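Only one structure is covered here, and it is reproduced in the block below.
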Protein chains: 2
Amino acid sequence: MGDRGLTDKATHKTPVRRRKEARPQELTAAALALFVEKGFAATRLDEVAARAGVSKGTLYLYFDSKEALFLAVIREGIVPVIEEGRKLLAAHADDPERMLREYLFGWWAMIGNTELGGVPKLMTSEAQNFPEVAQYYVREVIQPGKAMMREILDRGVAKGVFRELDTEMVTHILMAPLLHLALWRHSFAACCQVPDMDPQSYLESFFDLVLKGLAAAPEGGK
Amino acid sequence: MGDRGLTDKATHKTPVRRRKEARPQELTAAALALFVEKGFAATRLDEVAARAGVSKGTLYLYFDSKEALFLAVIREGIVPVIEEGRKLLAAHADDPERMLREYLFGWWAMIGNTELGGVPKLMTSEAQNFPEVAQYYVREVIQPGKAMMREILDRGVAKGVFRELDTEMVTHILMAPLLHLALWRHSFAACCQVPDMDPQSYLESFFDLVLKGLAAAPEGGK
DNA sequence: GGTAAATAACTGACCGGTCAGTTATTAATC
DNA sequence: GATTAATAACTGACCGGTCAGTTATTTACC
């Protein structure tokens with residue numbers, strides 16, 4: 001059919017069916033959406049392939065198994081975003097309160113409110129069944145994410161902006177409402193008609209609560 | 001073999017194998033443990049039956065389907081505990097800070113730290129796949145649980161112990177660290193070797209943070 | 001026509017659910 | 001109190017559908 005005369009790499013605009021390079025990304029994107037929507041076990045590889053516009057056999061040209069696809073979904077999907085977030089956060093490295101705000105709202109903008117927002121639910125659900133994927137996720141996502149939060153807290157304590165804290169515990173505690181918001185949206189909010197919760201005011205309330213909870217006592221105690 | 005002489009109803013201490021009354025409980029207990037450990041989809045009904053000491057056929061004498069078993073696990077397992085918690089909480093109805101503390105630590109003692117602690121993970125994972133079970137859970141567990149928390153907050157605000165708040169949002173936010181603790185224990189903590197987190201100090205840090213975050217301003221502003 | 005890409009048909013293990021048959025327990029009869 | 005009949009509790013082999021993974025074949029491009 002095509003009579004393109006270009007002899008070199010040929011920037012084919014025609015959606016030719018052979019596109020070895022793009023396939024893995026298309027497949028992981030399709031898999032992410034379906035894993036998040038229906039869960040890992042309930043997602044059929046036929047569906048993943050169909051959503052990516054190929055057949056199941058093609059999927060197996062790029063991934064050895066369903067678990068390998070799972071790992072790729074995490075690796076391609078969320079790991080790069082963590083690194084990106086770290087860079088953004090470094091821009092305000094001198095103001096702990098500002099950093100905390102950037103962290104919370106940035107997390108929502110870059111993860112919670114995107115198609116990646118279902119990843120926490122997916123990983124929590126499947127961690128026990130796929131310990132290797134879970135370990136990868138802990139190492140590449142959870143630990144870096146916690147380290148960033150802890151850096152903010154430690155810095156705030158050091159500058160006297162925040163009071164003395166068990167920063168390890170508080171790090172965990174402060175991640176919880178973010179994760180809860182994402183989990184909620186991808187579980188009960190999606191299937192039961194619950195009065196919807198505006199993420200923006202949720203985050204504002206949370207930030208407000210936390211700032212007051214962390215603040216160093218002005219002067220006289222109670 | 002047996003030479004029990006009692007001719008009446010016979011309070012048989014011997015664990016005879018036919019025990020119609022006890023079976024459903026034994027089966028839901030086995031199912032809870034396995035659903036929590038491996039997830040709903042990955043749990044075989046043969047396993048549930050085996051753990052309860054019966055065959056799969058017997059399971060179907062008491063439950064119509066795997067989903068019916070799921071619903072029974074929730075109904076028998078956690079719904080009664082909610083009502084129990086409500087009564088305990090009413091005992092301190094005059095002191096909002098005390099109520100809040102009772103709520104947090106009571107939740108951990110009665111749910112998070114028991115075999116029920118895996119239920120939040122189970123329900124979050126499966127809500128989309130079993131909307132009817134999810135709706136039951138929202139109605140009988142989540143909404144009552146939230147209502148209790150909200151009652152505490154509204155009362156605290158009314159008494160001037162807590163500052164003005166968006167109590168609806170704060171209710172959600174305060175549930176998150178509890179649920180997070182339970183989810184964590186039943187996912188990553190169970191499969192990746194993560195430095196374990198002491199629930200007691202986690203809850204103390206959380207309670208401390210929240211009390212300071214909620215406290216009405218003494219007098220002067222910033 | 002050679003080869004890389006993609007497919008569609010296929011396989012085999014698995015598992016929810018069923019049911020004909022077995023065993024323990026109770027009731028009835030002498 | 002022993003034997004038989006009736007019933008309730010239980011079993012495990014089986015069936016049918018599903019789905020991860022494989023392979024023989026076709027298609028597209030050089």
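Note that the structure is a prediction, hence the values are computed from the model and not measured. No hydrogens, no waters, no symmetry mates; every other heavy atom, side chains included, goes into these values. Throughout, a chain's letter reflects where its sequence line sits, starting with A, and its residues are numbered from 1.
As a whole-Å value, the separation of B:Leu34 CG from C:dG16 P is 12 Å. Atom CZ of B:Phe63 and atom C1' of C:dG16 are 16 Å apart (whole Å). A straight line from CG of A:Asp46 to P of D:dT22 spans 14 Å, rounded to a whole angstrom. The interatomic distance linking A:Leu61 (CG) with C:dA4 (P) rounds to 13 Å, in whole Å. Between B:Phe70 atom CZ and C:dG16 atom P there is a gap of 14 Å when expressed in whole angstrom units. In this structure, CD of B:Glu47 is placed 13 Å from P of C:dC14, rounded to the nearest angstrom. Computed from coordinates, the A:Leu59 CG to D:dG21 P distance equals 10 Å when rounded to whole Å. One atom, OH of B:Tyr60, and another, C1' of D:dA9, lie 18 Å apart when rounded to the nearest Å.
With distances taken from any side-chain atom of B:Arg23 to the nucleotides D:dC10, C:dT18, D:dA20, the minimum falls on D:dC10. Distance from the side chain of B:Arg44 is smallest for C:dC15 among the nucleotides D:dG21, D:dG12, C:dC15. Comparing atom distances between the B:Leu45 side chain and each of D:dG21, D:dG12, C:dG17 picks out C:dG17 as nearest.
Ring-plane geometry between A:His180 and B:His172 is classed as tilted, the angle between the planes lying from 30 to 60 degrees on a 0 to 90 degree scale.
For the pair A:Thr58 and C:dA6, the criterion of a side-chain N or O lying under 4.0 Å from OP1 or OP2 is not met. For the pair B:Tyr62 and D:dC10, the criterion of a side-chain N or O lying under 4.0 Å from OP1 or OP2 is met.
One finds the CE atom of B:Met149 at 11.0 Å from the NZ atom of B:Lys146 (value rounded to the nearest 0.5 Å). The distance from the OH atom of B:Tyr136 to the CD1 atom of B:Ile142 is 13.0 Å, given to the nearest 0.5 Å.
Aromatic ring centres of B:Phe188 and B:Trp184 lie closer together than 6.0 Å.
For B:Lys56 against C:dG17, a side-chain-to-base donor-acceptor contact under 3.5 Å is present.
Between B:Glu47 and B:Arg51, no side-chain nitrogen of the basic residue sits less than 4.0 Å from a carboxylate oxygen of the acidic one, so the salt-bridge criterion is not met.
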